[in-house]
Amino acid sequence: MHTKLSEKFGFDVSTISSAYAGYYKDKSSLFACASGGAASALSEKIIEDGGVVIGVCYTDDFKSAVFACAETKEGLIKFRSSKYIYAEKKIYNGKKWVSVFEEVERLLNSGKKVLFIGLGCEVGALIKILEKHNVNRTLLYTIDLICHGPTFPEIQKQYVERLERKFDAKVNSFSVRYKKRGWEPPYIHAEFDNGKVFEELFYHSDFGFAFKKYSRLSCYQCQFKGDMHYSDLTVGDFWGCKKGMDSYNPMGVSIIFCKTDKGQQMMNMLKSHDNFSVFPADVMFALQNNTNYYRRRMQNKEQYQQFEKDLKLHGLHYAVVNNKGYKQYKKGLFKDKVKKLLPENIIKIVKQIKSSF
Ligand SMILES: Cc1cc2nc3c(=O)[nH]c(=O)nc-3n(C[C@H](O)[C@H](O)[C@H](O)COP(=O)(O)OP(=O)(O)OC[C@H]3O[C@@H](n4cnc5c(N)ncnc54)[C@H](O)[C@@H]3O)c2cc1C
Ligand code: SF4
């Protein structure tokens with residue numbers, strides 16, 4: 001069974017022991033999280049258990065992202081939802097900025113239980129460093145996020161600054177996964193000091209285009225896919241989960257892949273969460289609908305280089321609308337929109353007709 005699946009997906013599927021779907025029961029928590037809120041709910045359980053959580057938040061000006069440590073449930077709020085830029089690997093320890101990996105090491109050495117949540121490469125780097133320094137990892141719990149690859153903080157900075165010029169005020173709240181109409185489609189939502197609000201569809205924005213087209217070169221060669229996720233649990237969006245399925249919620253559902261005994265322990269903690277529903281999920285179905293678990297993103301070198309050059313010379317908006325891939329990208333968005341409006345049986349028939357030619 002596992003051999004067949006491993007052939008199908010191109011990695012050792014037996015590294016996943018089980019999969020679960022889940023979401024917050026209360027609407028306001030679910031609304032604020034990226035998918036179903038599994039990362040936040042697990043963080044709450046770790047805090048209840050006397051531990052601390054290391055996660056990613058925006059800086060106060062919303063122009064970049066950094067790691068931070070939360071010791072209380074209130075402290076977890078800033079971690080909610082995805083920031084689609086990579087975070088600087090630094091954390092403020094109350095006195096100065098230090099390496100986030102050194103801070104986790106210090107916390108573990110002081111006998112603290114630590115939940116570290118980050119992208120696959122960040123969890124991989126942490127474990128490598130702790131191994132090198134012979135740090136006892138008994139008290140370390142890890143979650144990585146299924147990762148398409150973030151874009152650069154420069155994109156966030158330019159996008160926010162353009163909005164601030166337009167609205168003549170500072171941004172005081174920002175999301176790229178705002179659930180205006182539910183889990184999908186994601187919206188950008190920004191609030192300003194003068195009380196004004198801005199919203200646009202994420203994938204129709206300059207930010208959305210940059211997220212799709214412009215990541216670090218290492219992301220196109222990602223070494224943390226498939227059986228190379230080093231975390232106890234991997235969490236993502238449960239794409240493919242549709243109306244009619246037990247685990248469906250129109251406001252978002254998390255998929256959780258469990259890989260280790262500690263991951264199973266964490267799942268038991270999550271199942272005991274009063275405000276979170278957990279359902280068993282089919283590993284094959286979940287993987288089929290979430291290829292970013294095991295596949296790297298693709299790069300169009302010419303478009304990438306053009307984008308990078310234009311970004312430096314003329315800024316984000318120019319780089320997007322003048323990119324050779326922009327027209328095709330817009331067409332793709334239109335096709336997706338039409339697809340979503342058509343019933344599934346019609347899409348199947350269209351596919352059959354296409355493949356018969
Ligand atoms: C750059 C990026 C790309 C992603 N690509 C995919 C994808 O292709 N497919 C998919 O299914 N899911 C992807 N995800 C994960 C998805 O967006 C959700 O983060 C995930 O489903 C968890 O949702 P949640 O509701 O459980 O998290 P929440 O409860 O909302 O908590 C969010 C958690 O994510 C952490 N976080 C937020 N931004 C970052 C960041 N930039 N770097 C590290 N940690 C961060 C926070 O610390 C927090 O713990 C991606 C996430 C990011 C940040
Ligand atoms: S795609 Fe891979 S290398 Fe890039 S941020 Fe995600 S986990 Fe790291």
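Order of listing sets the numbers, starting from 1, for every ligand and every atom in it. Side chains are part of it too, since the values below use all heavy atoms of this structure and drop only hydrogens, waters and symmetry mates.
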Check for a donor-acceptor pair, side chain of [X] on one end and backbone N or O of [Y] on the other, with a separation under 3.5 Å.
X	Y	answer
H229	Y293	yes
S17	C258	yes
T151	I85	no

Plane angle bin for F211 and F202 - parallel if under 30°, tilted between 30 and 60°, otherwise perpendicular: perpendicular
Aromatic plane relationship, F167 with F192 - under 30° parallel, 30 to 60° tilted, over 60° perpendicular: parallel
4.5 Å side-chain heavy-atom contact, L119 and E122: yes
Looking at ligand 1, is there an atom of it that comes within less than 4.0 Å of some heavy atom belonging to [X]?
X	value
V53	no
G37	yes
Y86	no
A65	no

Counting heavy atoms only, name the option from [options] that's nearest to [atom].
atom	options	answer
atom 45 (C) of ligand 1	D237, D144, N290, V56	V56
atom 1 (C) of ligand 1	C219, P153, C121, P150	P150
atom 42 (N) of ligand 1	L119, T234, I256	L119
atom 29 (O) of ligand 1	G252, C147, S40, G55	S40

Before we go on, tell me: are the rings of [X] and [Y] under 6.0 Å apart, centre to centre?
X	Y	value
F209	Y329	yes
Y141	F116	no
F279	Y23	yes
Y84	H148	no

Over-ring placement of R296 relative to Y220, 6.0 Å and 45° cut-offs: no
Ring-face cation of K180 near Y187 (centre distance under 6.0 Å, axis angle within 45°): yes
Atom indices of ligand 2 within 4.0 angstrom of R216 heavy atoms, with elements: 5 (S)
Element-labelled atoms of ligand 2 that are located less than 4.0 Å from some non-hydrogen atom of G120: 7 (S)
For [atom], find the nearest protein heavy atom and state the residue, atom name and distance (0.1 Å precision).
atom	result
atom 41 (N) of ligand 1	K83 O, 2.7 Å
atom 15 (C) of ligand 1	I146 O, 3.6 Å
atom 27 (O) of ligand 1	A39 CB, 3.6 Å
atom 6 (Fe) of ligand 2	C147 SG, 2.3 Å
atom 8 (Fe) of ligand 2	C121 SG, 2.3 Å
atom 19 (O) of ligand 1	S82 OG, 2.9 Å
atom 23 (O) of ligand 1	S35 OG, 2.9 Å
atom 36 (N) of ligand 1	L145 CD1, 3.8 Å
atom 37 (C) of ligand 1	S81 O, 3.4 Å
atom 46 (C) of ligand 1	F79 O, 3.2 Å
atom 4 (Fe) of ligand 2	C219 SG, 2.3 Å

C222 backbone or side-chain N/O/S under 2.8 Å from atom 6 (Fe) of ligand 2: no
Test side chain to side chain contact (heavy atoms under 4.5 Å, CB included) applied to S40 and F79, Y24, F276, the passing residue: Y24
Residue part near ligand 2, for P150, under 4.0 Å between non-hydrogen atoms: side chain
Test of proximity, I85 against ligand 1: N or O pairs below 3.5 Å: yes
Ligand 1 to A38 polar contact by distance, N or O atoms, under 3.5 Å: yes
Side chain, backbone, both or neither: A87 near ligand 1, heavy atoms under 4.0 Å: neither
Separation between OH of Y20 and OG of S277, rounded to the nearest 0.5 Å: 15.0 Å
